[in-house]
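Only one structure is covered here, and it is reproduced in the block below.
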Amino acid sequence: MGWLPDSTVTTDPALIEDSYNATDPTKKYLLKLGDFRYQELFNGTWYQYRVPSFAKILEECKVGGVSFGDDGNAIDPLGTCGQLVVDKSCIVSSSFYDNELKMNMTIRDFQACEFIDVENELSYELFAKFLSRV
């Protein structure tokens, strides 16, 4: 999420420093255990946590289409799924008018798309954008 630079993450537990009052960005404070799993030594106690939110969203993107109301004023018309694809030309879009909702709707299908590796290629900017929507 950007509160610590990538340089503070390691897979070597012997390099971990206690993150309590940490100020030196050259030291290692986060131990990467695997996809979306981290461990941190804080004030003498080890904490383990997971950050699986993008993994779940990515699976939803791969399974099928995403529909949304399209009033022409959408801030991010590709939504989260569209931001996670390698090449946006793979996205299949179709629009229709929903008589019940009385508005234009757009369906985007991402099944033919290749997605970025969110564990290694997700930018801080995109993650911050995602968090602002939650």
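Along the sequence shown, residues are numbered consecutively beginning with 1. Predicted model, so just to flag it, every value in this text is computed and none were measured.
At most 12 heavy atoms of other shown residues, nucleotides or ligands fall within 6.0 angstrom of atom OH in Y20. For E114, the CD atom counts as loosely surrounded, since its 6.0 Å shell holds 12 or fewer non-hydrogen atoms of other residues, nucleotides or ligands.
In terms of heavy-atom proximity, I116 sits nearest to V86 at N-CG2, 3.9 Å. When all heavy atoms are compared, the tightest approach of T11 to P13 is O-CD, 3.4 Å. Between K28 and S7 the shortest heavy-atom distance is NZ-O, 2.5 Å. Considering all non-hydrogen atoms of both residues, F42 and S19 come closest at CD1-OG, 3.4 Å. Pairing each heavy atom of R37 with each of Q48, the nearest pair is NH2-OE1, 3.9 Å.
Counting heavy atoms from C-beta outward, I16 and W46 have side chains that approach closer than 4.5 Å. Residues T10 and L30 are not in side-chain contact: their nearest non-hydrogen atoms beyond the backbone lie 4.5 Å or more apart. Looking at F115 and F110, their side chains come closer than 4.5 Å, going by heavy atoms from C-beta outward.
In this structure, D98 contributes its side chain and M103 its backbone to no donor-acceptor pair below 3.5 Å.
Residue L33 is not grouped with residue L15 when hydrophobic side chains (ILVMFWY) are merged at heavy-atom distances under 4.5 angstrom, including chains of intermediate members.
Atoms OH and CD, on Y29 and E17 in that order, are 6.5 Å from each other to the nearest 0.5 Å. The CG atom of D18 sits 8.5 Å away from atom CD of E40, with the distance rounded to the nearest 0.5 Å.
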- Task: Determine, stepwise, if the pair V85 / I91 fulfils side-chain contact (heavy atoms from CB on, under 4.5 Å).
- Result: CA-CA 9 Å; V85 300; I91 302 168; 4.2 Å; yes

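With sequence neighbours excluded, no residue satisfies salt bridge (Lys or Arg N to Asp or Glu O under 4.0 Å) with K27. Remark: T26 pairs with D24 by the side chain to side chain donor-acceptor pair (under 3.5 Å) rule, at least two apart or across chains.
Side-chain contact check for T106 and S93: no donor-acceptor pair (N or O, by modelled atom type) lies under 3.5 Å.
In this model, C113 has its SG atom within less than 2.5 Å of the SG atom of C90.
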